[in-house]
Amino acid sequence: MGDKNGQVVAGGNGQGNRLDQLILPSDVLIDKETDSLIICDGGNRRVVRWSRRSGRTQGEILIDNISCRGLAMDDQRYLYISDIEKHEVRRYQIGDKTGTIVAGGNGKGAGLNQLISPTYIFVDQQQTVYVSDYNNHRVMKWNKGAKEGIVVAGGQGQRSALTQLSYPSGLFVDTLGTIYVADYGNHRVMRCPKGAKQGTVIVGGNGRGERVTQLNYPVGLSFDRHGNLYVVDCGNNRVQRFSIE
């Protein structure tokens, strides 16, 4: 915290498919048990693990031939990966290459048992899977073992009303079931309380721009333990931190 310069922890050797390279990485998580990064290396159609221990200069492939976009890990260390080509989310044990479908997997569509290009995902302690259903402009909730999902945000068309989303991306769900979502196409971050019919704008929502009150295609979000919200403000080439009430 406070550093002006970052440190390369994966990739950094140009664009390519060698084990020391990445192409268009879109999501990353930390596996504390193995002290490693798990990275969605989307341009290479693979998920790789990169040890954080010093001296490691390349990653290892965990799963290949997958059009991955988002990652999550639950308390039992199951890995969840969204596939934007197969329109599904699968759960994997580390070392398993096949996985089990936990959301979607019924072709491309807007039915409750379908997804279109799912991107970011969040998994809670009950192994409930929340999915940003990107091209359906909604967030879906799939309870463990469910055959279809529940619309928990958006799903009312692609516009900017408080009941609507436009290409939802980064996702976080707190212990009360409140959903926070990067509303990419509307240049804002929305908060949707559990069971609510509409959300509230907590960041942005003042049009596309580079002022501190604006966002430009926000794509990722995360919270720290102090409740600060971090937003990957993609079109502005910056990460912003906000104090949320």
Open item on the list: Just to verify, what does Q126 make a side-chain contact (heavy atoms from CB on, under 4.5 Å) with, not counting sequence neighbours?
Closed with: D124, T128

Open item on the list: Does any part of the side chain of V189, heavy atoms only, come nearer than 4.5 Å to the side chain of L229, both counted from C-beta?
Closed with: yes

Task: Any N143 side-chain heavy atom under 4.5 Å of I150 side chain - done: yes

- [ ] Taking all heavy atoms of P193 and all of Q198, pick out the closest pair and write down the distance.
- [x] CD-O, 4.3 Å

TODO: Could you check if a side-chain atom of T34 sits within less than 4.5 angstrom of a side-chain atom of R49, using non-hydrogen atoms only?
DONE: yes

Open item on the list: Strictly distance-based, threshold 3.5 Å: is any side-chain N or O of Q240 a donor or acceptor partner for the main-chain N or O of V231?
Closed with: no

Task: Electrostatic pair D31-R77, nearest N-O below 4.0 angstrom - done: yes

Open item on the list: Under a 3.5 Å threshold, yes or no: a donor from one side chain and an acceptor from the other, between Q93 and Q76?
Closed with: no

Task: Lys/Arg N to Asp/Glu carboxylate O, R238 vs E210, below 4.0 Å - done: no

Open item on the list: So N13 and R18, do their side chains get closer than 4.5 Å, heavy atoms only?
Closed with: yes

Task: Polar side chain donor-acceptor pair, S166 to Q158, under 3.5 angstrom - done: yes

Open item on the list: Taking NZ in K97 as the centre, count heavy atoms belonging to other residues, nucleotides or ligands within less than 6.0 Å. Is the count above 12?
Closed with: yes

Open item on the list: Are L215 and N236 packed together at the side-chain level, in the sense that at least one heavy-atom pair is separated by less than 4.5 angstrom?
Closed with: no

Task: Of F223, W142, F172, the residue whose pairing with F122 passes ring pair (Phe, Tyr, Trp, His ring centres under 6.0 Å) - done: F172

Task: side-chain contact (heavy atoms from CB on, under 4.5 Å) evaluation trace for V201 with N186 - done: CA-CA 10 Å; V201 180; N186 285 321; over 6 Å; no

Task: N135 side chain vs S117 backbone, donor-acceptor pair below 3.5 Å - done: no

- [ ] Give the ring-plane orientation class for H187 versus Y217, where under 30° counts as parallel, over 60° as perpendicular and anything between as tilted.
- [x] perpendicular

Task: Residues D74 and Q127: side-chain donor-acceptor under 3.5 angstrom - done: yes

- [ ] Can you see which heavy atom on V129 is nearest to which on V89, and at what distance?
- [x] CG1-CG1, 4.4 Å

TODO: Inspect the surroundings of CD in E60 and state if more than 12 heavy atoms from other residues, nucleotides or ligands are less than 6.0 Å away.
DONE: yes

- [ ] Please write out which residues are connected to I23 in a hydrophobic cluster, directly or through intermediates, given that two of Ile, Leu, Val, Met, Phe, Trp, Tyr count as joined at side-chain heavy-atom separations below 4.5 angstrom.
- [x] L24

Open item on the list: Could you check whether any side-chain N or O of N136 sits under 3.5 Å from a backbone N or O of G109, counting only pairs where one atom can act as donor and the other as acceptor?
Closed with: yes

Open item on the list: Donor-acceptor check, side chain of R46 to backbone of N17, threshold 3.5 angstrom: yes or no?
Closed with: yes

Task: L112 side chain reached by M140 side chain, heavy atoms, under 4.5 Å - done: yes

Open item on the list: Quick one, L37 and I30 - any side-chain contact, counting heavy atoms below 4.5 Å?
Closed with: yes

Task: Pair Y80-M73, side-chain contact (heavy atoms from CB on, under 4.5 Å): steps then yes or no - done: CA-CA 6 Å; Y80 297 74; M73 184 177 275; 5.8 Å; no

TODO: Begin from the C-alpha positions of D27 and I39 and carry the test side-chain contact (heavy atoms from CB on, under 4.5 Å) through to its verdict.
DONE: CA-CA 6 Å; D27 206 359; I39 302 164; over 6 Å; no

TODO: Spell out, as yes or no, whether a donor-acceptor pair under 3.5 Å connects the side chain of D3 to the backbone of G6.
DONE: no

Task: Donor-acceptor contact below 3.5 Å, side chain S82 vs main chain T119 - done: yes

- [ ] Return the set of residues passing ring-ring contact (aromatic ring centres under 6.0 Å, His included) with Y92 (not counting sequence neighbours), or none when no residue passes.
- [x] none

TODO: Assign the ring pair Y167 / H137 to parallel, tilted or perpendicular, where the plane angle (0 to 90°) is split at 30° and 60°.
DONE: perpendicular

Task: Donor on one side chain, acceptor on other, R241 and N228, under 3.5 Å - done: no

TODO: Have a look at D183 and tell me which of R159, R208, R138, R188 forms a salt bridge (Lys or Arg N to Asp or Glu O under 4.0 Å) with it.
DONE: R188

TODO: Flag the pair L29 / L79 as yes when at least one side-chain heavy-atom distance between them is below 4.5 Å, and no otherwise.
DONE: yes

